[in-house]
Amino acid sequence: MTSRSSYHHGDLRQAVLTAALDVIADEGPAALSLRDLARRAGVSHAAPAHHFKDRTGLLTAIATDGYDLLARALADAPSLRERGVAYVRFALGHPAHFQVMFQPDLHRSDDPALLAAKQRASAELRAGVTTLAPAGDARTAGIAAWSLAHGFATLFLTGNLTGAAEAVGTSGAPGDAAAPEDLFRDLARLLFQGSSPSAGKTVAEPSPDDPSLF
């Protein structure tokens, strides 16, 4: 298929996004270049601008897609702990999105589509606090849970928990590492074992200009 036919059939946007995610996963966001992505996608060097305008627009689209994916990943989790597991699973399954989403200097933080997607993800995270939160400040409990899941995912993605996962493997044999989700469940259980249900408790939404999800 030629570059022209790809563009007119609507494949360009996804082709550029896919190429961008590959670059970010391998080399980080700083390595992104619209001209290089156009080459990888097999289109003219000016074609990506039709969808994204510039590099910041592309990164904004990636962050928006990431928050939408995260919201869907969290939606079916029955408890705060399982939302944490879903969060970790999302981060490990979508490392390029995860890198971009939480670096507001990379994208247009006032973009309406980005704000809406972020609000959906935030709502799903906050919903978990109604099923498991210490007595007192529900927002503080939510921030603690988010910090645990985000920090765990970041450490795992950067290879800093490889040894810990191997140390708690079921058999102790070489290569028998604990699955990230299982290791996170154990950590969450340890830290939140004194928590009690907080039926009916809600957490106020963060303001639109607040980068926090809680």
Side-chain angles (χ1 to χ4, degrees), residues 62-104 109 113-170 177-214:
I62 289 172
T64 301
D65 287 351
Y67 281 115
D68 275 332
L69 289 167
L70 177 58
R72 290 197 292 271
L74 297 173
D76 295 328
S79 66
L80 179 61
R81 183 166 61 224
E82 288 307 307
R83 276 175 167 79
V85 172
Y87 191 101
V88 169
R89 188 181 295 121
F90 161 79
L92 301 186
H94 302 275
H97 288 98
F98 192 70
Q99 283 192 62
V100 174
M101 290 161 61
F102 301 101
Q103 296 189 60
S109 58
L114 174 61
L115 289 173
K118 183 177 177 183
Q119 185 177 40
R120 288 190 290 272
S122 176
E124 292 296 345
L125 275 178
R126 288 183 287 105
V129 177
T130 66
T131 62
L132 180 67
D137 188 347
R139 187 171 191 238
T140 299
I143 292 172
W146 179 33
S147 298
L148 176 63
H150 191 91
F152 180 93
T154 300
L155 288 169
F156 214 100
L157 282 169
T158 52
N160 287 286
L161 288 181
T162 302
E166 291 175 347
V168 296
T170 55
E181 295 93 337
D182 293 337
L183 180 55
F184 178 82
R185 280 192 185 93
D186 288 344
L187 293 175
R189 187 178 299 111
L190 175 66
L191 294 177
F192 285 90
Q193 61 185 353
S195 301
S196 58
S198 54
K201 185 175 290 186
T202 60
V203 185
E205 294 184 14
S207 63
D209 58 348
D210 186 347
S212 172
L213 290 182
F214 269 96

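- Closest of all the heavy-atom pairs between P95 and L157 is CB-CD2, 3.9 Å.
- One finds the CG atom of D65 at 12.5 Å from the CG atom of L70 (value rounded to the nearest 0.5 Å).
- The CE atom of M101 sits 9.0 Å away from the CG atom of L114 when rounded to the nearest 0.5 Å.
- A distance of 13.0 Å separates OH in Y87 from CZ in F152, rounded to the nearest 0.5 Å.
- Between the side chain of R83 and the backbone N or O of E124, at least one donor-acceptor pair lies under 3.5 Å.
- One finds the CH2 atom of W146 at 13.0 Å from the CG atom of L148 (value rounded to the nearest 0.5 Å).
- For F98, the ring pair (Phe, Tyr, Trp, His ring centres under 6.0 Å) partners at least two apart in sequence or on another chain are F102, H150.
- Take R72 and apply the side chain to side chain contact (heavy atoms under 4.5 Å, CB included) test, not counting sequence neighbours, and it matches D68, L69.
- With rounding to the nearest 0.5 angstrom, the OH atom of Y67 is 12.0 Å from the CG atom of L74.
- Atom CD of E82 sits about 10.0 Å away from atom CG of L80, to the nearest 0.5 Å.
- Without hydrogens or angle criteria, S122 side chain to K118 main chain gives no donor-acceptor distance under 3.5 Å.
- In this structure F90 satisfies the ring pair (Phe, Tyr, Trp, His ring centres under 6.0 Å) test together with H94, sequence neighbours excluded.
- The two residues L92 and A153 have their closest heavy-atom pair at CD2-O, 4.2 Å.
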